[in-house]
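Throughout, protein chains are lettered first and strands after them, A, B, ... in sequence-line order, and every chain is numbered starting at 1.
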Amino acid sequence: MDPKSQVETALRAALAKVAPEHADAHILVERPKQAGHGDFSTNIALQLAKALKRNPRELAQEIARAVPAGAFDTPEIAGPGFINFRLRSGTRLAVVNRVLKEKERYGRAQPGTGEKVQVEFVSANPTGPLHVGHGRQAALGDAIAALLESQGHKVTREFYYNDAGAQIDKLAWSVQARARGKNPGDQGWPEEGYAGEYIEDIAREFKGDVDDVEAARRFAVDYLRREQDVDLQAFGVKFDVYYLESSLYADGKVDAVVKTWTANGKTYEKDGALWLRTTEYGDDKDRVVRKSDGGNTYFVPDVAYHLTKWQRGFKRVVDVQGTDHHSTVTRVRVGLQALNAGVPKGWPDYVLHSIVKVMRGGEEVKMSKRAGSYVTVRDLIDWVGRDAVRFFLVSRKADSEFIFDVDLARQKSDENPVYYVQYAHARVCSVFAQWGGSVDKLASAQLDALKHEREAALARLLDEFPETVAKAATEAAPHDIAFYLRELAAQFHSYYNAERILVDDENLRTARLALCAAVRQTLANGLSLIGVSAPEKM
RNA sequence: GCGCCCGUAGCUCAGCGGAUCAGAGUAUUGGCCUCCGAAGCCAAGGGUCGUGGGUUCGAAUCCCGCCGGGCGCGCCA
């Protein structure tokens, strides 16, 4: 049993004695930030003081006395009534052996114990190169998928191509116009056409009949999908499923959705259009389903698509999208409800991310040569490298605006958090290279010799990793991992500077090497979750 | 106007199922390499947590108003 569970179990037992009527109360066990407050603490006495009409400190005292002896010293009472636990050194250090035994599995749940889940992200229209917003989605989505996998879930990474809408027509017309030698703004240039340089490339390589819009469309979509794939590959992101919007029409799934709504009595005709009574489900107004010109509005295929997700058996679905699409959240959920297909009310989950601003040389960069009006993922990777892009884009809460400082990310120095973490990993590798012994033997190393507070602090942090990962997975919040890694790297660098690892005393040397190996393993495991490499040399 | 999100140190941001929560990085200043990688470490200064109320023994954290910013409010996707 891990130390935290031991503390929880002991507290539960104490509570049963002191306050049997609250024996099943929720016991919050925290890890105090200040080492002086021990390894764990609980505010349970403060929580129960009122109900029991007791003085919180006295109650805490009584609970503390009732705690069965275990893997920790006698609990202390502090502040208004906190109970602080200090682990015995051996208990605390045991995590080192655990990490070395579990290796890349440390921090992961038993595989195959979870559910079938899906993360949908990027889902860029095939109308141009991927921009930085897609990059943020790719970094977030892939990390969220990895986090869910770490909890034992069977995860499908899915990319949805809107290859059937009006924007594709514009793409085809733009390519056609370029192929005819027209430039943006010329007579005959399509309204709201795509002006980026990449359209010229596509037009140049298009060898088909210029008058055949269908051919131009197919060629352009294929071309851009290939290009996006190349970028995603460079970013290290792989999808399991590419789902084409056009297939929903081909399979009749879009029409089926409209039919079901109508059969369920959820629609009505007005002004020559077909409306869905979304207000029945809390929307602020009803929505048009079929326009007076006969076409569907975009949210019909969206609902049809999400219905397939449900029918494919995904218990949990996370959609990663920009906040500019947040109005679709309600509509997709409501549209699914109106189908009476047994879809739960708040399904699916959404992670909405804010915009990314790219700063370089103190100014915002808005243009890219290739795409014209926006900075591409490829630009970013070319400028700062894949690891830095990944780490940066994942290091903020999704819903906060993100300012990507290109100059900072380029620096190979202490100012750059990516290198800071990777450097910690490389540093351990360097020590092991010098030592030259067998790391495998360290898994069962004796650790009694580790007596410094810095060593205790590292052990505490290592012990915290699994719950950090679990929380990040539940909350779909990869930035927790980035912050954890920074903290672990900081603790390690500090330790490294203060104490020598390769000392003459063999016992101490072995124990310290084991600790370092555990740090390295945990850094590598964390970096892998956010798709960043753990280099042995830099 | 309505809805959602955001407002924490000069700058970029964590913390927000209340207490042991005023934090990190960066910038500034001052130290540390005959010693396992100085891409590192140690130390100092810096914030009435946008603002005004409310709930609570206790609020950056929960509730309401206001101010400031973002995004949505199409028979566009």
*Between B:G72, B:C41, B:G74, which one does the side chain of A:Ser327 approach most closely?*
B:G72

*Does A:Tyr420 place a side-chain N or O at less than 4.0 Å from the phosphate oxygens OP1/OP2 of B:C41?*
yes

_In whole Å, I'd like the distance from the CZ atom of A:Phe40 to the P atom of B:U20._
20 Å

*Any chance you could lay out the side-chain hydrogen bond (donor to acceptor under 3.5 Å, both in side chains) test for A:Ser246 and A:Asp163, step after step, and finish with the verdict?*
CA-CA 6 Å; A:Ser246 53; A:Asp163 64 340; 2.7 Å; yes

*To the nearest Å, give me how far apart NZ (A:Lys50) and P (B:G18) are.*
15 Å

_Protein-nucleotide distance (A:Glu464, atom CD; B:G15, atom P), rounded to Å_ = 14 Å

*Is there a donor and acceptor pair closer than 3.5 Å between the side chain of A:Tyr298 and the base of B:A77?*
yes

*Think A:Arg427 has a side-chain N or O under 4.0 angstrom from the OP1 or OP2 of B:A38?*
yes

*Establish, yes or no, whether a centroid distance under 6.0 Å links the rings of A:Phe159 and A:Phe121.*
no

_With no hydrogens and no angle check, just 3.5 Å: does a side-chain donor-acceptor pair link A:Asp286 and A:Thr279?_
yes

_Quick check: any donor-acceptor pair below 3.5 Å linking the side-chain of A:Asn43 to the base of B:U20?_
no

*Between A:Ser430 and B:G37, is there a side-chain N or O to OP1/OP2 distance below 4.0 Å?*
yes

*Within this structure, what is the CD-to-P distance between A:Gln321 and B:A77, rounded to whole angstrom?*
15 Å

*Is the shortest side-chain N/O distance from A:His479 to OP1 or OP2 of B:G15 below 4.0 Å?*
yes

*Could you classify B:C73 for me, syn or anti, using a glycosidic angle within 90° of 0 as syn?*
anti

*Using whole Å, report how far CG of A:Asn84 lies from P of B:A19.*
14 Å

*Under 4.0 Å between a side-chain N/O of A:Thr297 and OP1 or OP2 of B:A77, yes or no?*
no

*From the options B:C41, B:C36, B:C13, select the nucleotide whose nearest atom is closest to the side chain of A:Arg500.*
B:C36

*asked:* Within the 3.5 Å criterion, strictly below it, is a donor on A:Arg454 or A:Ser494 matched to an acceptor on the partner's side chain?
replied: yes

_side-chain N/O A:Lys33 vs B:A24 OP1/OP2, d < 4.0 Å_ = no

*Are the ring centres of A:Tyr161 and A:Tyr243 closer than 6.0 Å?*
no

*How long is the line joining CG of A:Asp405 and C1' of B:C13, in whole Å?*
13 Å

_Both A:Leu28 and A:Ile355 contact RNA chain B. Taking the nearest nucleotide for each, which residue is further toward the 5' end?_
A:Leu28

_Length of the CZ-P vector between A:Arg512 and B:C36, whole Å_ = 15 Å

*Check: A:Asp387/A:Ser533 side-chain N/O donor and acceptor closer than 3.5 Å*: yes

*Base of B:G72 paired with side chain of A:His325 (donor-acceptor, under 3.5 Å)*: no

*Measure from the side chain of A:His326, starting at C-beta and using heavy atoms only, and say which of B:C6, B:G72, B:U12 lies closest.*
B:G72

*Distance-only donor-acceptor test (3.5 Å): side chain A:Thr323, base B:C71*: no

*So does A:Ser400 get a side-chain nitrogen or oxygen closer than 4.0 Å to the phosphate oxygens (OP1/OP2) of B:A14?*
yes

*According to a strict under-4.0 Å criterion, is A:Lys397 in side-chain N/O contact with OP1 or OP2 of B:C5?*
no

